[in-house]
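Note sheet for the following structure.
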Amino acid sequence: MYEYNAEIVRVYDGDTVRVNIDLGFGLSIRNTAIRLRGINTPELRGESKVHGYASRDRLIAILASADNQCRIKTFKGKERGKYGRIIGEIYVGSDEKGWNHVNQQLLDEGYAVAYK
């Protein structure tokens with residue numbers, strides 16, 4: 001497992017975001033796609049688009065409450081998904097206040113379903 005501080009650039013939908021990842025030592029990856037590990041949200045097109053927009057908007061609100069700063073966890077062996085996105089988990093908060101697992105929060109609130 002690898003952990004990085006990151007800044008949210010854009011929320012695409014309820015389970016995909018674009019981020020700037022701080023790799024440390026003055027190195028970074030800019031504007032890269034992250035697919036939230038272990039969850040699936042409704043699509044923004046088709047019959048489920050109303051729920052898709054609700055999921056996306058909830059994710060935007062969670063991330064905005066943390067000033068779009070987060071921590072990304074990635075996992076060895078599953079670095080990239082089907083569409084080339086990095087597979088990861090997002091956490092918001094701080095060491096002092098504790099970290100909130102965003103993927104799990106979306107599941108708990110009914111905005112996502114479990115996905116393997």
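Because the structure is predicted, anything quoted here is derived from the model rather than measured. Residue numbers run from 1 in the order of the sequence given.
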Would you say [Y] ends up clustered with [X] if hydrophobic residues are merged whenever their side chains have heavy atoms under 4.5 Å apart, either directly or through other cluster members?
X	Y	result
Leu23	Ile72	yes
Val9	Ile62	no
Val17	Tyr2	yes
Val50	Leu44	no
Val19	Tyr4	yes

Distance check, rounded to the nearest 0.5 Å: [X] atom [atom1] versus [Y] atom [atom2]?
X	Y	atom1	atom2	answer
Asp57	Ile60	CG	CD1	5.0 Å
Ser28	Glu7	OG	CD	10.0 Å
Glu89	Ile34	CD	CD1	11.5 Å
His101	Leu107	NE2	CG	8.5 Å
Leu36	Ile87	CG	CD1	9.0 Å
Arg37	Thr74	CZ	OG1	10.0 Å

Counting only heavy atoms from other residues, nucleotides and ligands, does the tally under 6.0 Å from CD of Glu43 exceed 12?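 For Glu43, atom CD is not crowded (no more than 12 foreign heavy atoms under 6.0 Å).
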Does a sphere of radius 6.0 Å around NE2 in His51 hold more than 12 heavy atoms from other residues, nucleotides or ligands, not counting ones at 6.0 Å or beyond?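 Result for NE2/His51: open.
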Presence of salt bridge, Glu109 and Arg58, under 4.0 angstrom: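 Salt bridge between Arg58 and Glu109, a charged N being under 4.0 Å from a carboxylate O: yes.
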Do Ile86 and Arg80 touch side chain to side chain, with heavy atoms closer than 4.5 Å?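 Contact flag for Ile86/Arg80 side chains = yes.
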Can you tell which of Val92, Leu63, Val11 makes a side chain to side chain contact (heavy atoms under 4.5 Å, CB included) with Asn68?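 Looking at Val92, Leu63, Val11, the match for Asn68 under the side chain to side chain contact (heavy atoms under 4.5 Å, CB included) is Leu63.
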So, Asp13 side chain and Arg56 main chain: donor-acceptor pair closer than 3.5 Å or not?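 Flag not set: sc Asp13 to bb Arg56 has no pair under 3.5 Å.
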Does Ile90 offer a backbone N or O that forms a donor-acceptor pair with the side chain of Asn103 under 3.5 Å?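 Present.
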Could you check whether Thr41 and Asp15, counting side-chain N and O atoms only, form a donor-acceptor pair closer than 3.5 Å?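 Their side chains do contain a donor-acceptor pair, which is all the 3.5 Å distance test asks for.
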With no hydrogens and no angle check, just 3.5 Å: does a side-chain donor-acceptor pair link Gln69 and Asn5?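 No.
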To check you understand the geometry: which heavy-atom pair defines the closest contact between Pro42 and Ser55, and what is its length?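 Heavy atoms of Pro42 and Ser55 come nearest at CD-OG, 3.5 Å.
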Nearest atoms (heavy-atom pairs only) where Ile8 meets Cys70: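 In terms of heavy atoms, the two residues are closest at CD1-SG, 3.7 Å.
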From CA spacing to verdict: side-chain hydrogen bond (donor to acceptor under 3.5 Å, both in side chains), Arg85, Thr16: CA-CA 9 Å; Arg85 299 171 292 187; Thr16 305; 2.8 Å; yes
Stepwise side-chain contact (heavy atoms from CB on, under 4.5 Å) test for Asn20 and Ile29: CA-CA 6 Å; Asn20 294 332; Ile29 298 174; over 6 Å; no
Could you tell me if Arg35 sits above the aromatic ring of Tyr115, with its cationic atom closer than 6.0 Å to the ring centre and no more than 45 degrees from the axis?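 Here Arg35 passes the 6.0 Å and 45° test against Tyr115.
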Determine, step by step, whether Lys73 and Tyr91 satisfy the side-chain contact (heavy atoms from CB on, under 4.5 Å) criterion, reporting the C-alpha distance in whole Å, the side-chain angles of both residues, the deciding distance to 0.1 Å, and the verdict. CA-CA 8 Å; Lys73 287 187 181 181; Tyr91 294 81; 3.5 Å; yes
